[in-house]
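Just below is one structure, and these are the notes that go with it.
Only heavy atoms go into these numbers, but all of them, side chains included; no hydrogens, no water, no symmetry mates.
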Amino acid sequence: MINVLFADDHEMVRIGVSAYLSAQKDINVIAEADDGGDAVRLALKLKPDVILMDLVMKEMDGIEATRQIIQQWPEAKIIIVTSFLDDDKVYPALEAGAASYMLKTSKASEIADAIRATYQGQSILEPEVTGKIMNRMRSKNDEYLHNQLTDRETEILLLIAQGKSNQEIADELFIAVKTVKVHVSNILGKLQVQDRTQAVIYAFNNNLV
């Protein structure tokens, strides 16, 4: 039996979800909380197998409650169940230690499945949340890539973005065309792109020009 603590400040939501979950043969809602502070207190006292945590609640929100629970009980398995997909909700909640992130628009059966999966040590994320995380990772990776460029390489990348040829770049920087070609090759390698066009697209996408 998976013992669950459900924290949400809307009574009707707690009643509806708790009723469905308690009807499952392998899930038991052992306690409910209408505030983050109560969620922390009950979690540390009862040590449920899984905690369903709303984000927006009175007094203490779900992010802070999650943070406090994880700090005092690192093994806690917390599923965020919310209506919000904003960056200022998703990332702080996951960074606070939540294992899974679900939306209230999910079917009750999906919440139940998420409880089972999280109990088994998996992380269940809404597709939109997964997309946000992947985009953030790509953004960080992109930032890392162009941070590898030397000042000269960055200068040449900007000139490439202006449509200048190797000869024009060489003339402007008073260096040999052969040297420009070496720099261009290094730029393409560091940015992990195939040609000058892709390098220019990278530059624009990352606000370098």
Close side-chain approach of [X] to [Y], heavy-atom, < 4.5 Å:
X    : Y    : result
D34  : R14  : yes
L149 : I156 : no
L191 : H146 : yes
Y101 : I124 : no
L21  : N28  : no
E155 : L158 : no
V129 : L94  : yes

Nearest 0.5 Å, what's the [atom1]-[atom2] distance between [X] and [Y]?
X    : Y    : atom1 : atom2 : answer
T154 : L159 : OG1   : CG    : 11.0 Å
L173 : I175 : CG    : CD1   : 5.0 Å
F174 : T179 : CZ    : OG1   : 14.5 Å
Q120 : I115 : CD    : CD1   : 13.0 Å
K178 : N166 : NZ    : CG    : 14.0 Å
D195 : I201 : CG    : CD1   : 8.0 Å

Is it the case that [X] and [Y] place a side-chain donor and acceptor less than 3.5 Å from each other?
X    : Y    : result
Q24  : R116 : yes
Q122 : S100 : no
R152 : N186 : no

Trace of the side-chain contact (heavy atoms from CB on, under 4.5 Å) decision for I27 with V4: CA-CA 7 Å; I27 299 175; V4 173; 3.8 Å; yes
Side chain of [X], backbone of [Y]: donor and acceptor closer than 3.5 Å?
X    : Y    : answer
D86  : D88  : no
E168 : S165 : yes
N206 : L208 : no
K190 : Q148 : yes
S106 : L103 : yes

Is [X] linked to [Y] within one hydrophobic cluster, defined over Ile, Leu, Val, Met, Phe, Trp and Tyr using a side-chain heavy-atom separation of less than 4.5 Å?
X    : Y    : value
I2   : I80  : no
I69  : Y91  : yes
V17  : M102 : yes
M60  : V13  : no
V193 : L157 : yes

Test salt bridge (charged side-chain N to carboxylate O under 4.0 Å, His left out) applied to D171 - qualifying residues, sequence neighbours left out: none
Any residue meeting salt bridge (charged side-chain N to carboxylate O under 4.0 Å, His left out) with K77, in chain and number order, not counting sequence neighbours: none
Heavy-atom neighbours of M12 CE exceed 12 at 6.0 Å: no
Heavy-atom neighbours of E59 CD exceed 12 at 6.0 Å: no
Audit row: L188, Q194, side-chain contact (heavy atoms from CB on, under 4.5 Å) steps and yes/no: CA-CA 6 Å; L188 299 183; Q194 300 299 314; over 6 Å; no
Worked check of salt bridge (Lys or Arg N to Asp or Glu O under 4.0 Å) between E64 and R67: CA-CA 5 Å; E64 180 59 29; R67 183 178 296 110; 2.7 Å; yes
What are the two closest non-hydrogen atoms of [X] and [Y], and how far apart are they?
X    : Y    : answer
A170 : A176 : CB-C, 4.0 Å
P92  : I63  : CB-CD1, 3.8 Å
A112 : Y20  : CB-CE2, 4.1 Å
S18  : E32  : OG-OE2, 3.0 Å
Q192 : L145 : NE2-CD2, 3.5 Å

Full working for side-chain contact (heavy atoms from CB on, under 4.5 Å) between F204 and V200: CA-CA 6 Å; F204 277 101; V200 171; 3.5 Å; yes
Criterion side-chain contact (heavy atoms from CB on, under 4.5 Å) on V81 and D8, from CA distance to verdict: CA-CA 9 Å; V81 183; D8 194 296; 6.0 Å; no
Do any side-chain atoms of residues 38-56 form donor-acceptor pairs under 3.5 angstrom with protein atoms, and if so which ones, sequence neighbours left out?
unit_1: D49; atom_1: OD2; unit_2: N3; atom_2: N; d: 2.7
unit_1: D54; atom_1: OD1; unit_2: K104; atom_2: NZ; d: 3.4

